[in-house]
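The chains referred to below are lettered A, B, ... by the order of the sequence lines, with proteins before strands, and numbering in each begins at 1.
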2 protein chains.
Amino acid sequence: MQKLTAQRQAILDVINRSDKHWDADEVAYALKENDTPIGIATVYRGLAALAEQGLIESIQLADKKRYERADKKHHDHLICTDCGDIEEFCKPEIEKLQDLVASEHDFTIQGHQLLLFGICIRCKGKGI
Amino acid sequence: MQKLTAQRQAILDVINRSDKHWDADEVAYALKENDTPIGIATVYRGLAALAEQGLIESIQLADKKRYERADKKHHDHLICTDCGDIEEFCKPEIEKLQDLVASEHDFTIQGHQLLLFGICIRCKGKGI
DNA sequence: GTGATAATGATAATGATTATCATTCTGACT
DNA sequence: AGTCAGAATGATAATCATTATCATTATCAC
Ligand SMILES: [Mn+2]
Ligand SMILES: [Mn+2]
Ligand SMILES: [Zn+2]
Ligand SMILES: [Zn+2]
């Protein structure tokens with residue numbers, strides 16, 4: 001990314017103004033609401049470029065990529081298989097053990113993805 | 001899955017006779033080599049059905065699902081971003097901490113996926 | 001054997017993402 | 001100010017894994 005163009009700045013603003021985990025369509029829709037509509041291909045390219053620069057974070061779910069603000073400390077995710085809600089958690093002991101695993105395998109770790117799937121507290125009380 | 005049909009048994013056999021992590025196309029190709037060709041839709045359905053019954057395991061990578069034998073103890077994966085190789089590891093302390101995280105969030109855990117991305121030992125010595 | 005149910009397989013459809021390509025923008029340099 | 005090159009944009013086509021459709025076939029209970 002050479003330039004933080006107006007379009008990419010607009011994408012970044014959308015993502016930075018909430019704690020959501022956005023997919024490309026949601027970003028495009030928010031931009032349209034915003035009266036700054038941007039072509040969907042440009043949204044995809046912008047998201048990829050911003051993530052590459054570390055200006056936003058990405059998580060890869062089964063079906064699609066989602067993006068979030070980069071200005072929080074590193075965390076991983078709990079995903080409700082019922083409502084799709086995404087919660088966050090931070091557990092440095094796990095990260096340490098991951099590094100240990102990598103070194104045990106002579107593996108130079110570049111990143112990781114830990115997803116916990118299950119039922120969130122809200123969905124637990126649904127069928128009553 | 002009502003029946004373990006001949007086709008599904010053939011899929012299961014292919015997967016059980018190696019330690020690979022198979023995608024649907026690879027399974028279909030192996031079956032053709034085997035002189036037991038099976039329609040690709042049937043392969044997809046068979047893999048899903050076998051995984052649902054716990055007869056095989058699945059992992060969801062960024063682009064596609066892969067399947068492996070279910071007769072090993074639970075493990076997670078190291079994925080080389082250079083050659084695509086998949087190694088396995090087992091770290092019960094991590095699993096315990098995952099359960100702790102879930103309980104801290106009143107989250108009923110159903111499953112998890114931990115992927116460590118990086119460079120495997122073989123690829124590390126490449127550019128010399 | 002007959003009928004209900006499930007599975008198969010060829011093919012079409014879906015959905016997220018990427019590629020193409022003509023057009024527009026930007027910034028550096030006259 | 002004008003020119004030029006490299007980037008970015010956006011409409012659209014293409015890709016690729018997976019799922020849906022649907023007519024046909026297999027299987028099981030009676
Ligand atoms: Mn997050
Ligand atoms: Mn494995
Ligand atoms: Zn939920
Ligand atoms: Zn490698």
| Checking B:Asn34 side chain against B:Thr36 main chain: does a donor-acceptor pair fall under 3.5 Å? |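 Here the side-chain-to-backbone pair does not exist.
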
| task | Could you tell me whether the side chain of B:Glu26 and the main chain of B:Asp23 form a donor-acceptor pair under 3.5 Å? | result |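 Yes, B:Glu26 side chain to B:Asp23 backbone: donor-acceptor pair under 3.5 Å.
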
| Of the residues in residues 6-39 of chain A, which ones touch DNA chain D at a heavy-atom distance under 4.0 Å? |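 Listed by number, they are A:Gln7, A:Arg8, A:Ile38, A:Gly39.
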
| said: From the set D:dT9, D:dT12, C:dG9, return the single nucleotide nearest to any side-chain atom of A:Thr42. | reply: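 Within the option list, the nearest is D:dT9.
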
| said: Closest approach to the side chain of A:Tyr44, judged atom by atom: which nucleotide of D:dT12, C:dT17, C:dT11 is it? | reply: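 My answer, after comparing the listed nucleotides, is C:dT17.
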
Whole angstroms only, please: what is the [atom1]-[atom2] distance between [X] and [N]?
X       : N      : atom1 : atom2 : result
A:Asp63 : D:dT18 : CG    : C1'   : 12 Å
B:Leu61 : D:dC16 : CG    : P     : 18 Å
B:Ile40 : D:dA20 : CD1   : P     : 16 Å
A:Arg45 : C:dT18 : CZ    : C1'   : 9 Å
B:Lys65 : C:dA16 : NZ    : C1'   : 16 Å
B:Leu50 : C:dA6  : CG    : C1'   : 15 Å
B:Leu4  : C:dA6  : CG    : P     : 16 Å

| Phosphate OP1/OP2 of D:dA26: any B:Thr5 side-chain N/O under 4.0 Å |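 No, outside the criterion.
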
| Could you walk me through whether A:His21 and A:Glu57 pass the side-chain hydrogen bond (donor to acceptor under 3.5 Å, both in side chains) check? | CA-CA 9 Å; A:His21 301 80; A:Glu57 286 291 324; over 6 Å; no

| Could you go step by step and tell me if B:Gln60 and B:Gln113 meet the side chain to side chain contact (heavy atoms under 4.5 Å, CB included) rule? | CA-CA 8 Å; B:Gln60 172 71 52; B:Gln113 176 131 57; 3.6 Å; yes

| message | Could you go through A:Gln110 and B:Thr81, starting from their C-alpha distance and side-chain angles, then the distance that decides it, and tell me whether this counts as side chain to side chain contact (heavy atoms under 4.5 Å, CB included)? | response | CA-CA 9 Å; A:Gln110 294 173 330; B:Thr81 54; 2.8 Å; yes

| Would a line drawn from the ring center of B:His77 to the ring center of A:His112 be shorter than 6.0 Å? |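 That pair fails the under 6.0 Å test.
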
